[in-house]
Amino acid sequence: MSDVTLATPLTALVGVRHPVVQTGMGWVAGPRLVSATANAGALGILASATMTVDQLRSAVREVKSRTDAPFGVNLRADAGDAAERARIIIDEGVRVASFALAPSRELIARLKDAGVVVIPSIGARRHAEKVAAWGADAVIVQGGEGGGHTGSVATTVLLPQVVDAVDIPVVAAGGFHDGRGLVAALAYGAAGVAMGTRFLLTSDSTVPDAVKARYLAAAVGDVTVTTKVDGLPHRMLRTELVDALERAGRAASLLRAVRHARAFRRESGMGWSRMVRDGLAMKHGKDLTWSQVLLAANTPMLLKASMVDGRTDLGVMASGQVAGLIDDLPSCAELVDRVMTEALATLRALPAAR
Ligand SMILES: Cc1cc2nc3c(=O)[nH]c(=O)nc-3n(C[C@H](O)[C@H](O)[C@H](O)COP(=O)(O)O)c2cc1C
């Protein structure tokens with residue numbers, strides 16, 4: 001583990017050595033990646049939206065068997081079984097609960113009462129203000145260059161805006177991969193950086209080699225945003241599949257969505273009634289049609305096809321623009337050590353103020 005440390009409000013809050021977070025990525029952030037990150041002194045977050053409740057419990061236990069360091073679990077606040085998942089987090093003594101969408105005030109209170117640190121991910125200032133007012137301990141703010149579902153405002157604009165708006169620690173995400181980025185984020189007032197794509201591209205990540213090779217070969221311009229997978233802006237590698245989805249008409253997209261919804265139902269053990277309830281929750285307060293909600297069922301299966309099955313032709317490869325700057329597969333220990341060493345060298349090389 002790196003000897004170099006930078007103590008920040010994030011390291012104090014969570015009890016990790018380094019102000020670096022590996023984010024919860026569906027099908028990617030499993031026990032192996034999370035425990036390798038934790039053992040490297042950073043905060044690893046398990047992705048649970050693509051796991052059943054039983055799989056989540058055994059994944060949490062597997063991480064605990066591999067490390068004594070703190071780690072987190074990412075969950076969907078709008079999932080019908082979010083309360084059950086929160087119960088596992090509390091019962092198993094998981095340090096951090098991370099959310100893809102803003103959790104309710106009640107859920108935040110329940111987790112905090114049990115001593116869990118609550119860190120929602122947000123993509124807009126007003127969401128940060130809302131969860132801060134509801135008692136969240138910190139936020140991860142993702143700028144538009146980040147991978148997966150993403151907004152349109154760049155990290156360099158969104159981050160200072162959020163830092164100025166809330167009093168809790170802010171962790172910067174979207175476009176980070178090295179020590180210079182960590183120093184830049186700290187200069188903006190962040191308490192650390194959270195990285196998705198960079199941790200996907202490590203030797204500890206279980207993503208198949210053929211898929212990693214596609215990311216390594218990508219240039220910045222090969223990373224695009226499309227709404228054609230699930231109706232929401234989604235950043236991923238541009239592939240033949242993405243081009244086909246963009247060309248496809250509405251009827252073909254809907255048919256594909258129904259097929260994938262059926263597959264996800266089988267895979268996740270979710271009944272149709274649970275899927276409809278989750279769909280209703282997803283629709284709530286948003287301007288989504290039912291066909292868009294159904295399209296959303298596409299995402300987990302399309303991501304699984306690449307991240308688990310290695311099908312670069314059939315699956316989508318969610319990715320930040322930063323994939324265009326990454327060309328190696330270090331272990332998590334090497335990566336965290338490199339980021340911290342480079343951060344320190346960057347700090348030392350900054351011009352002195354007069
Ligand atoms: C393959 C992949 C899957 C992702 N899945 C999720 C997810 O399930 N939940 C979530 O909150 N964010 C998810 N994200 C977003 C990441 O957690 C993170 O916020 C983002 O990757 C940060 O930007 P970066 O890729 O530039 O580091 C995913 C990102 C990628 C690349």
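Both counts, for ligands and for their atoms, begin at 1 and track the order of listing.
Checked for salt-bridge contact, Asp243 and Arg238 meet the test: a charged N lies under 4.0 Å from a carboxylate O. A salt bridge does not link Arg57 to Glu92: none of the charged nitrogens lies less than 4.0 Å from a carboxylate oxygen. Under the 4.0 Å criterion applied to side-chain N and carboxylate O atoms, Asp328 and Arg198 are assigned as salt-bridge partners. One finds no salt bridge joining Arg110 and Glu106 here, because no Lys/Arg side-chain nitrogen approaches an Asp/Glu carboxylate oxygen to under 4.0 Å.
When the side chains of ILVMFWY residues are joined at heavy-atom separations under 4.5 Å, either directly or via intervening members, Val171 and Val96 end up in a single hydrophobic cluster.
Closest protein heavy atom to atom 19 (O) of ligand 1: Gln142 OE1, 2.5 Å. The shortest contact between atom 31 (C) of ligand 1 and any protein heavy atom is with Ala318 O, 3.3 Å. Looking only at protein heavy atoms, the nearest one to atom 15 (C) of ligand 1 is Gly147 O, 3.3 Å. Taking atom 6 (C) of ligand 1 as the reference point, the nearest protein heavy-atom neighbour is Gly24 O, 3.2 Å. Nearest protein heavy-atom neighbour of atom 26 (O) of ligand 1: Gly175 N, 2.8 Å. Nearest protein heavy-atom contact of atom 17 (O) of ligand 1 is Thr23 OG1, 2.9 Å.
Rounding to the nearest 0.5 angstrom, the gap separating the CZ atom in Arg235 from the NE2 atom in His149 is 13.0 Å. In this structure, CD1 in Ile108 is found 11.5 Å from CG in Asp113, a value given to the nearest 0.5 Å. Separation of atoms NZ (Lys304) and CZ (Arg311) is listed at 11.5 Å; rounding is to 0.5 Å. With rounding to the nearest 0.5 angstrom, the CZ atom of Arg338 is 10.0 Å from the OG1 atom of Thr341.
Below 4.0 Å from some heavy atom of Gly174 lie the following atoms of ligand 1, by number and element: 22 (C), 23 (O), 26 (O). Shown in contact with Ala100 at under 4.0 Å from a heavy atom are these atoms of ligand 1, numbered in order with element: 11 (O). Here is the list of ligand 1 atoms found below 4.0 Å of a heavy atom in Met195: 27 (O).
Counted within 6.0 Å of CG on Asp313, heavy atoms from surrounding residues, nucleotides or ligands total more than 12; the atom is thus considered enclosed.
Checking only distances, Gly26 does come within under 3.5 Å of ligand 1, N or O to N or O. In terms of polar-atom proximity, defined here as any N/O pair under 3.5 Å, Gly148 makes no such contact with ligand 1. Geometrically, ligand 1 and Ala194 share no nitrogen or oxygen pair separated by less than 3.5 Å. Considering backbone and side-chain atoms together, Arg198 places no N or O closer than 3.5 Å to any N or O of ligand 1. Where the criterion is an N or O separation shorter than 3.5 Å, residue side chain and backbone included, Gly196 meets it with respect to ligand 1. Residue Thr197 has at least one nitrogen or oxygen atom sitting less than 3.5 Å from a nitrogen or oxygen atom of ligand 1, judged on distance alone.
When each of Val223, Val229, Leu241 is tested with Met236 by the rule side chain to side chain contact (heavy atoms under 4.5 Å, CB included), just one qualifies, namely Val229.
When heavy-atom distances to ligand 1 are checked against a 4.0 Å cut-off, Leu200 comes that close only through its side chain, counted from C-beta outward. The proximity of Ile140 to ligand 1, defined as any non-hydrogen pair under 4.0 Å, does not occur for either the backbone or the side chain.
In this structure, Ser121 falls outside the shell of residues with a heavy atom less than 4.0 angstrom from ligand 1. Heavy atoms of Ala47 come nearer than 4.0 angstrom to ligand 1 in no pair at all. Ligand 1 lies nowhere less than 4.0 angstrom from a heavy atom belonging to Ala49.
Taking 4.5 Å as the limit, every side-chain heavy atom of Ile122 sits out of range of all side-chain heavy atoms of Gln142.
Among Gln321, Met25, Gln22, the residue whose heavy atom lies nearest to atom 3 (C) of ligand 1 is Met25.
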Legend entry - Evaluation steps, side-chain contact (heavy atoms from CB on, under 4.5 Å), between Leu329 and Leu201: CA-CA 5 Å; Leu329 298 170; Leu201 294 171; 4.0 Å; yes
